[in-house]
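None of the values given here were measured: they were computed from a predicted structure.
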Amino acid sequence: MTGWYDASATLRAFAAAAPDYPTSALYGALCRAIAQGSYAEREAFESLAARGWPVVSPADVDSLFRAVHYTLLQRRGRDELAHYYASAGGRLGPDARAQQLFVEFVRDHRTLLLDTRLLPREANDPEPGWRMLNVLAAYAERAPMQLDLLNVHARAGVEVVTDLVGQPAGGSLLAPHRVVRRRCFDPAPQRLADPRLRDWLIAHCPPDDAQRWDRIHEAIERALSLEVVVGQGDAVAVAQRAQALGDAVPVVLGSDLQVQLPVLEATIRARAGRTIWLVDDHAPYLARVSSDPKVGRLDGQARVTLLREYLDGQVVGSLWGADWIVGGWMALRGSEEGVA
């Protein structure tokens with residue numbers, strides 16, 4: 001071990017990351033075990049650091065978990081570590097052997113792990129889409145209408161089909177309303193037909209969170225069967241020029257827009273006629289566009305879904321909800337008060 005490598009920083013990073021995986025027994029156990037230092041000082045983490053990937057924060061740990069998960073999926077079960085990854089067909093629960101195999105995998109496959117840094121930083125987990133369309137279904141309890149869904153910042157395009165996930169054939173979370181069109185745009189579109197992208201999407205969730213990766217698999221299949229294509233375009237520019245189809249109500253939806261949120265909100269407000277806007281992001285970003293003080297008081301990691309309906313620039317209805325458990329329930333908190 002060389003003098004510049006700070007193994008204690010790696011131990012602290014894994015210890016700090018442990019609470020970030022409440023639904024993953026495997027990731028939680030790995031974090032706690034590696035934090036004890038039994039294997040962390042070995043060459044695996046030092047070698048990564050020497051190649052420009054020091055593991056010194058919970059975000060680094062999460063990136064490493066994602067890279068290992070993806071690499072295991074790509075190697076199609078050829079590694080002993082795969083026996084602990086349910087997403088790769090494994091059935092073993094976490095134990096000391098899992099910890100040892102994880103560290104050995106990092107050591108033996110560091111070049112493949114580093115290659116994952118060439119993959120798109122932002123994949124497309126369908127969870128935000130499920131939350132957004134769930135809020136839309138709760139809001140639209142009225143006479144059936146036609147909906148024209150426009151997914152901005154769509155990445156791989158699975159958010160726009162999540163009203164169909166988990167529903168019987170031909171059914172939709174949005175019934176009795178009818179979706180007449182599904183459009184997707186992103187500055188850097190990703191193609192679901194690429195099997196590597198599918199593994200990369202699965203790698204963004206813990207390997208033992210079966211409900212979540214089942215939803216990803218189904219969303220991918222739904223998007224492929226509907227031949228959803230993600231066009232290239234910036235969220236604000238697309239929202240400015242998008243025209244609705246016939247008498248359908250345009251629904252502009254997107255997640256993780258972050259700094260673009262205020263500009264997109266102003267763009268939606270400037271549209272003539274009726275528009276429903278749906279956005280899902282972390283609470284601090286939604287607090288920039290929400291008038292409800294309760295949003296600003298939420299934990300910074302809480303996900304918030306906000307719906308607003310505009311008519312010629314005026315807000316005629318709103319609803320927001322927060323999700324405190326990853327992949328868990330949503331508590332609808334009601335409409336905003338005093339929206340300007």
For this session: Determine, using the 4.5 Å side-chain heavy-atom cutoff (strictly less than), whether V165 and L192 are members of one ILVMFWY cluster.
Result: no
For this session: Side-chain contact test, heavy atoms from C-beta onward, threshold under 4.5 Å: evaluate it for V252 versus V238 and give yes or no.
Result: no
Exercise. What closest approach, in Å, do A16 and P58 show between heavy atoms, and which atom pair accounts for it?
Worked result: CB-CG, 3.7 Å
Exercise. If you take all heavy atoms of A235 and H153, which pair is closest and at what distance?
Worked result: CB-N, 4.5 Å
Exercise. Heavy atoms, side chains only, cut-off 4.5 Å: are V228 and C184 in contact?
Worked result: yes
Problem set entry | Any side-chain donor near an acceptor of the partner, S87 and H69, under 3.5 Å | yes
For this session: Take N134 and L173 through the side chain to side chain contact (heavy atoms under 4.5 Å, CB included) test and state the conclusion after the steps.
Result: CA-CA 7 Å; N134 193 30; L173 177 70; 4.1 Å; yes
Problem set entry | Carboxylate-amine/guanidinium contact E309 R142, below 4.0 Å | yes
Problem set entry | Presence of salt bridge, D194 and R198, under 4.0 angstrom | no
Exercise. Would V249 and Y139 show up in the same hydrophobic cluster when neighbours are defined by side-chain heavy atoms closer than 4.5 Å?
Worked result: yes
Exercise. Is there a donor in the side chain of S255 and an acceptor in the side chain of E159, or the other way round, less than 3.5 Å apart?
Worked result: yes
Problem set entry | salt bridge (charged side-chain N to carboxylate O under 4.0 Å, His left out) between D209 and R215, worked out | CA-CA 10 Å; D209 193 342; R215 184 174 288 161; over 6 Å; no
Seminar exercise, completed: From the list F45, Y27, F65, Y84, ring-ring contact (aromatic ring centres under 6.0 Å, His included) partner of F102 resolves to F65
Exercise. Does the H177 side chain pair with the main chain of M145, one donor and one acceptor, at a distance under 3.5 Å?
Worked result: yes
For this session: Decide yes or no for I276 and L307: does some side-chain heavy atom of the first lie under 4.5 Å from some side-chain heavy atom of the second?
Result: yes
Problem set entry | Student check: side-chain heavy atoms of L48 and R110 closer than 4.5 Å | yes
For this session: May I ask you to decide whether D292 forms a salt bridge with K294, counting only side-chain N to carboxylate O separations under 4.0 Å?
Result: yes
Problem set entry | Exercise: identify the closest heavy-atom pair between Y85 and L81 | CD1-O, 3.4 Å
For this session: Please check if V179 and L226 belong to a single hydrophobic cluster, counting links between Ile, Leu, Val, Met, Phe, Trp and Tyr side chain heavy atoms closer than 4.5 Å.
Result: yes
For this session: Using only heavy-atom distances, determine whether the side chains of R155 and Q190 contain a donor-acceptor pair under 3.5 Å.
Result: no
For this session: Answer yes when E265 and R308 have at least one side-chain N-carboxylate O distance shorter than 4.0 Å, and no when they do not.
Result: yes
Problem set entry | Sub-4.5 Å side-chain heavy-atom contact between V61 and C31 | yes
Seminar exercise, completed: Rounded to the nearest 0.5 Å, the OG1 atom of T305 sits from the CG atom of L286 at a distance of 7.5 Å
Problem set entry | NE2 on H109 to CD on Q74, rounded to 0.5 Å | 13.0 Å
Problem set entry | D199/R75 ion pair, N-O < 4.0 Å | no
Exercise. Can a donor-acceptor pair be found between the side chains of S8 and R12 at a distance below 3.5 Å?
Worked result: yes
Exercise. Are V106 and V103 close enough that some pair of their side-chain heavy atoms sits under 4.5 Å apart?
Worked result: no
Exercise. So, D95 side chain and A98 main chain: donor-acceptor pair closer than 3.5 Å or not?
Worked result: yes
Exercise. Between D281 and L257, is there a donor-acceptor pair closer than 3.5 Å when you use the side chain of the first and the backbone of the second?
Worked result: yes
Exercise. Do the side chain of R271 and the main chain of R241 share a donor and acceptor less than 3.5 angstrom apart?
Worked result: no
Exercise. With the threshold set at 4.0 Å, does a side-chain nitrogen-carboxylate oxygen contact exist between R222 and D163?
Worked result: no
Exercise. For D148, which of R182, R181, R178 qualifies under salt bridge (Lys or Arg N to Asp or Glu O under 4.0 Å)?
Worked result: R181
Exercise. Roughly how far apart are L92 CG and L101 CG, rounded to 0.5 Å?
Worked result: 9.5 Å
Problem set entry | Side chains of I216 and V158 in contact at under 4.5 Å (non-hydrogen atoms) | no
For this session: Using a cut-off of 6.0 Å, state whether more than 12 heavy atoms not belonging to R196 lie near its atom CZ.
Result: no
Problem set entry | Nearest non-hydrogen partners of L164 and S172, listed with the distance | CD2-CB, 3.9 Å
Seminar exercise, completed: Correct closest heavy-atom pair for S47 and R51 would be OG-NH1, 2.6 Å
Problem set entry | Any side-chain donor near an acceptor of the partner, W53 and D60, under 3.5 Å | no
For this session: Could you give me the CA-CA distance, side-chain angles and deciding distance for I34 and Q99, then say whether side chain to side chain contact (heavy atoms under 4.5 Å, CB included) is met?
Result: CA-CA 7 Å; I34 294 173; Q99 173 201 358; 4.1 Å; yes
For this session: Any chance you could measure W320, atom CH2, to L306, atom CG, to the nearest 0.5 Å?
Result: 9.5 Å
Exercise. Any side-chain heavy-atom pair from W130 and V135 closer than 4.5 angstrom?
Worked result: no
Exercise. Are V263 and V315 grouped together when hydrophobic residues (ILVMFWY) are joined by side-chain heavy atoms under 4.5 angstrom apart?
Worked result: yes
Exercise. When you measure from the side chain of T162 to the backbone N and O of G129, does any donor-acceptor pair fall under 3.5 Å?
Worked result: yes
Exercise. Given the rule in the side chain to side chain contact (heavy atoms under 4.5 Å, CB included) test, do F185 and L150 qualify, once you have shown the distances and angles that lead to the verdict?
Worked result: CA-CA 8 Å; F185 291 91; L150 173 63; 3.7 Å; yes
For this session: Please state whether the rings of W200 and H204 are parallel, tilted or perpendicular, taking 30° and 60° as the class boundaries.
Result: perpendicular
For this session: Could you grab the distance from atom CG of D79 to atom CD of E104, nearest 0.5 Å is fine?
Result: 11.0 Å
Exercise. Transitively linked via ILVMFWY side-chain contacts under 4.5 Å: V230 with I220?
Worked result: no
Exercise. What is the distance from atom OH of Y70 to atom CG of L113, rounded to the nearest 0.5 Å?
Worked result: 11.5 Å
Exercise. So, for D208 and A86, which heavy atoms are closest and what is the spacing to 0.1 Å?
Worked result: CA-CB, 4.4 Å
Exercise. Do side-chain atoms of D312 reach the backbone of A272 as a donor and acceptor pair under 3.5 angstrom?
Worked result: no
For this session: Could you go through the side chain to side chain contact (heavy atoms under 4.5 Å, CB included) check for F14 and V55 one step at a time?
Result: CA-CA 9 Å; F14 276 96; V55 180; 4.0 Å; yes
